[in-house]
Amino acid sequence: MEKYNPQEIESKWQKIWEEQKLFKTPEDINSENKFYILPQLPYPSGSGLHVGHAEVYTACDIYARYQRMTGKKVLQVIGWDSFGLPAENYAIKTNVHPAKSTETAVNNFRSQIKSLGISVDWDREVGSHNPDYYKWTQWFFLLFYKRGLAYRKKQSVNWCDSCKTVLANDQVKEGHCERCDTLIIQKEMEQWYIKITDYAERLLNDIDKLDWPEETKKRQKDWIGKSEGAEVDFRLQTSDHNQEKKITVFTTRPDTLFGATYMVLAPEHAVVRSLKSEVQNWDEVEKYIEATSKKTELDRQVQKEKTGVELKGIKAINPVKNEEIPIFVADYVLATYGTGAIMAVPAHDERDFEFAKKYNLPIKDVVVQHCGGFDKSAKHRDSAAAVVFKDDKVLVLFNKKFNIYRLPSGGMERGETVEDTVQRELREEAGYTDYEVVDDLGMIESNFYAVDKNIQWNKLQRVLKLKLLSDKKTDTAFESYEDYEANWLAPDEAIEKLKTYNGSEEIFIRRALEKTGRLFSGEGTAINSNFLDGLSTQEAKEKMIQWLEEKGIGKRKVQYKLRDWSVSRQRFWGAPIPMLFNEERKNRKYNYVFIHGYLATGNNDFRPWLKKELEQLGHAVFSPDLPHNDKPNVVEWAEYILNNTTIDENTVIVAHSLGGPVAFRILEKLKNKIAKLILVDTVLRPDFPDKKRPDVEASDSFEFDFEKIKSSSDEFVVIADCDYKTIKKEHLEEMQKLLDARLVKARPNDRHFNGKIEPSVLEESIVTGLKPVSESDLPVLLPDDVDFKPTGQSPLTYSEDFQKGVEKRYGKGWHREPDTLDTFMCSSWYYYRYLDPKNDQQFASPEALKKWMPVDFYLGGPEHVNGHLLYSRFFTKVLYDAGYIDFSAQGGSDLVGDEPFKVHRHQGLILGPDNRKMSKRWGNVINPTDVVNEFGADTMRMYEMFMGPLEEDKPWDTNGVRGIRRFLDKVWNLQEKVIEAEAKSNSLTTLVHQTIKKVGEDVAALKFNTAIAALMQFTNVLLKEEKISKVGYTVLIKLLSPFAPHMSEELWYRLGNKDTVTTQPWPVYDPELTKENTVTLAIQINGKLRDTITVSTDISEEDAKVEALRSGKVIKWLEGKEPKKVIYVKGKLISIVV
RNA sequence: GCCGACGUGGCGGAAUUGGUAUACGCGCGUGCCUUAGGAGCACGUUCCGAAAGGAUUGUGGGUUCGAGUCCCACCGUCGGCACCA
């Protein structure tokens, strides 16, 4: 018999599999038997496959092969995340075109993966750099744009000056570029953003429904970072009395509003610049803003000492107290979170406390920590106490009469200050007079029974920290002085002693020891807060929000940490953003025509506000009262407008409600185009939203020629409120589709009321000089004439090919957006493309989506938790909302309809033999191809799975690889021992069935390491046999085949089979035959193992106990004593208690 | 600083609901075979001890007849977040 020669048999079987198309995706599938296995999309790097890749593909492959053998119809594909920076950086260095180097890398990856024997359907391979792929990436961008989920905005971004591009937040690691480790700086740029924040709540809520690792789910939740609170408006007191200005802050603690003693703005806050003329120390402020803008991400993180500068000459008004408070600019407030402004409550917020201490700002307690119960009948009392230090000892008084320890303290008499009371009590109880006040430790409310006074107190205690300057005592002897004994104790000891009294005093000692002193940021009871006094923090929050909403100076607000996703990249090797620009149109001043709705009055009348806003931007506005507003007639209104103003290509029509149909009538009659039509809560038919409007209905037919209307405007925008409260979602979508319009949605909580459209919505709606490439013109191809030299400008800016024909196609002045999309856009939807990779009409057909989604098993790295995984979920939810998908009926009814990955797991990191992360720097990189060449692919596969649990990090061990090879050699050599006869040995039959059970269960649970151990155990037993049965050996080969498919095929073939082992059914075990007929019971005496006995499996409890007590060792250990208790655990042990 | 995960032989790791701790592999030791072996085979291998026996799952405590597993406190390693109001 020849020796095991993996190189030979592996290529042989890989060829056969490929020829027979064994892993072609099955067609005859249903929701019961389909199984979609997804290994994460690799970036095809020039340095080839990494052992980590091999781990992912092998694990998925073993699982896939196992699932096929159990009868599942498996879909497994591999593709390439083939756009991206490294290929471009390589091009800059070597002048090799990225398309070329990518092709080489992909070929290399593909052949390496094939050499591992991974069973994927290669006919479905995709690469994100191929035009027929990125066509659909661009299509997704347009989908977002049309649904109002893509917008352009100028703001400060993460800039990598080495890669010369912008990075998303999750691509910045510790202030450095994830790719090249360059320090990230902040730069103001106009960029495309995706409004993932609109989906924050759904992304958060649906996580719990997924079978993902718990810590992963938690990390994603934390990244989304929901917090609930309120927005509060603070009026400004400035020298310019004509203009009323206000600043809105976000707070999670509206209950502490009475304690807001100053206000802080982020340096980038827009309002700061607008206050230039009123701020007395503008030079200083400007200098500060400039200094902070130069700070890098890292500086901000490392240097945490708080800095800031006051805006002198202006004040804010605390709205609950009508009190003037100072305003600061400080970079501890982030421009990108909340409103970029905060109310500072130093007594109850650590950061504000720190800042207030540094700049000597007032600290006002409005929440007290509460100790003890909530006994309503308790007697209230204000009291004061002192934590007195002498060196590092604390003064604790011992009351001899009642045997209790206390701090010097007592009730505050009428008119006394805290200092007065403390001074008096310290004299009376301990006699000390010579001290200084070091710190104010704030207040605590404690509800307790005082033994010395026989009373239930509810005490509000104020406490000062004192330093004793000398032991000098008063001459006067007080009565109470006799009762107390002064002890100087170490703080630990003091805390211990004080526990016997009321629980609050030990907290004061703790506060005295900490730098933060009186700061209390927990929940408690409101004080000094007028109508909130006495309420718990939760109650006070609610009441304050109600109060703010009633007064119209604030509202409930949910805030997320998640930011919108920046997707513009100033690079070449990515999917071009399919948008067009027109500078002239962008800067042009337009004639706005506003068509109001039915009964436009009061809160429903946008005209004055809109006129002001638009005129400020330099546009002309025509917003007339239309005739017979109480009995409107669409035709009459349309004519009125046509007769009273000019409608031409310079016109933007804004139509509210019933104004919409009026606008439609106007557009139907136009010979020329207008620039834009903006529809605000517009009705398509008269029965909107719920009630009939006979007066309107009578006036017109409400049949429109939408073809004509569509051709009469360059652009259409439909504005919707966030929750579709005003106009129903399906009606809005109908209109959006009819007009191919862009839908601009307000953010949560925003409604079009009070005579205003939400300003951010208006801003987004009136943008001009921007339009999407028509879907029929996709893909926007990457040109070839590109200079890669990084200039900070997108390389596409300089390409002539790229802009060629654009003006001819779209009109004069239009040109293409030169930025490309973040590659995460490409990888957010690839698992859909696998389902229908050649479709040139859709990203995937509805049938394919219905058949295969959702993904049944997704394996990928934990580094993608807050990037790829979140983006993919977001893509899926948008598709769901747009009506493309709904998985709720597919792959299990427990699933949500808009989640792509049902089960997700992470692979652990494979470390170098030195236990460090593999890297060229350490010279500890293991190349999978080397391993395959030396030991064979089957050894490589099995070793990686045997190293340890899939999800854990584990170091490489070359000797361990040899061990696996030895194992495979043994399995190979076993073929010599095979005989046709049935196995005689009973115990062997039991082992066969036990092994089938164990391996099957472990593989199903992805516990590949223990499955392999079981195979080894089985093999070790077979090795000891003189001859082994063909049946038993066949089982071994089948069980081994997902792990070592090549060798299993060869052995299967050598047993005389003409088909493949890959297509065999998974062996079935007989539960009866897995049972042993004898069992070894442990005998414990007082919990310690003393003996074991072997008994029949079906022994009765009585017999087992008798048997155990008869054991010689037991008799010896019992020493004649009677056992108190004998516990029997079936099949496990007998525990004897003496 | 906050959050999370994890601590088991010389090493990677195993141990349903609490039930014989150290499966499987590596390494190591002894022997066999061999001109030789970094090949193969056999036996052994948690630690201390010649043995009887004892100790042992990061440390300390608790619950239990019984704890690697559950509870509390602490220590250590790794990962994530990092002024998020």
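Below, chains carry the letters A, B, ... as their sequence lines are ordered, and counting in each starts from 1.
- The base of B:C83 sits with one of its N or O atoms less than 3.5 Å from a complementary donor or acceptor on the side chain of A:K306.
- Nearest heavy-atom pair across A:V329 and A:Y288 is O-CE2, 3.6 Å.
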Item to complete: Dump the intermediate steps for ring pair (Phe, Tyr, Trp, His ring centres under 6.0 Å) on A:W565 and A:Y193, then the final yes or no.
Response: CA-CA 5 Å; A:W565 174 17; A:Y193 291 88; over 10 Å; no
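- Rounded to whole Å, the separation between the C1' atoms of B:A42 and B:U35 comes to 23 Å.
- For A:K917 and A:D953, the salt-bridge test fails: no basic side-chain N is under 4.0 Å from an acidic carboxylate O.
- Closest-nucleotide positions on RNA chain B for A:G948 and A:K970 were compared, and the one nearer the 5' end corresponds to A:G948.
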Polar-atom pairs under 3.5 Å, protein N or O versus N or O of nucleotides 17-21 of chain B: list them with distances, or write none.
residue, atom, partner, partner atom, Å
B:G19, N2, A:Q1084, OE1, 3.4
B:U20, O4, A:T1080, O, 3.1

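- Atom-to-atom, CD of A:E350 to C1' of B:G1 comes out at 8 Å; the value is rounded to the nearest Å.
- Here the side chain of A:D331 is nearest to one of B:A14, B:C83, B:G40, namely B:C83.
- With P as the reference atom, B:G53 and B:U16 are 30 Å apart, rounded to whole Å.
- Heavy atoms of A:P862 sit nowhere under 4.0 angstrom from any nucleic acid atom.
- With a glycosidic angle no more than 90° from 0, B:G9 adopts the syn conformation.
- Between A:I495 and A:R510, the closest heavy-atom pair is CG2-NH2, 3.8 Å.
- Nucleotide B:G1: paired with B:C81 (Watson-Crick or G-U wobble, both distances less than 3.5 Å).
- Contact annotation for A:G338: no contact, since no heavy-atom pair falls under 4.0 Å across all strands.
- Counting any heavy atom pair closer than 4.0 Å across all strands shown, A:D953 reaches sugar-phosphate atoms only and no base atom.
- Geometric assessment of A:K306 against the ring of A:Y332 yields a positive cation-pi assignment under the 6.0 Å and 45° thresholds.
- Figure legend. B:G66 is base-paired to no nucleotide; pairs are counted as Watson-Crick or G-U wobble with both atom distances under 3.5 Å.
- A:M947 places its CE atom 11 Å from the P atom of B:G12, with the value rounded to the nearest Å.
- B:U8 and B:G13 are spaced 9 Å apart, taking the C1' atom of each and rounding to whole Å.
- With ring centers used as reference points, A:Y262 lies under 6.0 Å from A:F355.
- In this structure, A:R563 atom CZ and B:A82 atom P are separated by 9 Å, rounded to whole Å.
- Base-pair partner of B:U16: not found among the strands shown (Watson-Crick or G-U wobble, both distances under 3.5 Å).
- In this structure, A:R962 places its CZ atom 13 Å from C1' of B:G37, rounding to the nearest Å.
- Closest to the A:D349 side chain, of the nucleotides B:A85, B:C26, B:C65, is B:A85.
- Each of A:F946 and A:T252 was matched to the nucleotide of RNA chain B holding its nearest heavy atom; the match closer to the 5' end belongs to A:F946.
- At B:G27, one or more side-chain N or O atoms of A:R966 fall inside 4.0 Å of OP1 or OP2 (strictly under the cut-off).
- Across all strands shown, B:G76 forms a Watson-Crick or G-U wobble pair with B:C6, both key distances being under 3.5 Å.
- In this structure, A:R1090 reaches the B:G54 phosphate: one of its side-chain N or O atoms is under 4.0 Å from OP1 or OP2.
- Using a 4.0 Å heavy-atom distance criterion, A:D352 is classed as making no nucleic acid contact.
- Remark: C1' of B:A55 and NZ of A:K1088 are 8 Å apart, rounded to the nearest angstrom.
- In this structure, A:K954 places its NZ atom 16 Å from C1' of B:C26, rounding to the nearest Å.
- Using P as the reference atom, B:G25 and B:U34 are 27 Å apart when rounded to the nearest Å.
- Per the geometry, CD belonging to A:E944 stands 16 Å off C1' belonging to B:G25, to the nearest Å.
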Worksheet item: Stepwise, does the salt bridge (charged side-chain N to carboxylate O under 4.0 Å, His left out) test hold for A:K997 with A:D1002?
Response: CA-CA 8 Å; A:K997 181 171 191 276; A:D1002 282 357; over 6 Å; no
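- Checking the phosphate oxygens (OP1, OP2) of B:C65, no side-chain nitrogen or oxygen of A:N1086 falls inside 4.0 Å.
- Backbone-only engagement by A:K218 is indicated by non-hydrogen atom pairs under 4.0 Å involving sugar-phosphate atoms exclusively.
- Following rounding to the nearest Å, A:K217 (NZ) and B:C3 (P) show an atom-to-atom distance of 21 Å.
- Remark: the separation of the C1' atoms in B:G58 and B:U77 is 10 Å, to the nearest Å.
- When the P atom is compared between B:A15 and B:U69, the two are found 15 Å apart, to the nearest whole Å.
- For A:T1010, counting side-chain heavy atoms from C-beta on, the closest listed nucleotide (B:A15, B:A85, B:G4) is B:A15.
- B:C28: Watson-Crick or G-U partner is B:G44, with both key distances under 3.5 Å.
- The partner of B:G38 cannot be assigned: no Watson-Crick or G-U wobble pair with both contacts below 3.5 Å exists in any strand.
- Base pairing analysis places B:A23 opposite nothing; no Watson-Crick or G-U wobble pair with both distances below 3.5 Å involves it.
- Using a 4.5 Å heavy-atom threshold, the side chains of A:V367 and A:T537 count as touching.
- Using a 30° and 60° split on the angle between ring planes, A:F1008 and A:F1043 fall in the perpendicular class, above 60°.
- Residues A:Q975 and A:K977 have side chains not in contact (no heavy-atom distance under 4.5 Å, counting atoms from C-beta outward).
- Using C1' as the reference atom, B:U20 and B:G10 are 25 Å apart when rounded to the nearest Å.
- Pairing for B:U56 is absent, judged as Watson-Crick or G-U wobble with the two contacts each under 3.5 Å.
- Here the nucleotide nearest the side chain of A:S227, chosen from B:C65, B:A85, B:G40, is B:A85.
- A salt bridge (Lys or Arg N to Asp or Glu O under 4.0 Å) with A:D222 is found for one member of A:K218, A:R219, A:K226 and no other, namely A:K218.
- Each of B:A15, B:A14, B:G12 was ranked by its minimum atom distance to the side chain of A:N1009; first place goes to B:A14.
- Nearest to the side chain of A:N959, among B:G4, B:C26, B:A85, sits B:C26.
- Rounded to whole Å, the separation between the P atoms of B:U17 and B:C70 comes to 10 Å.
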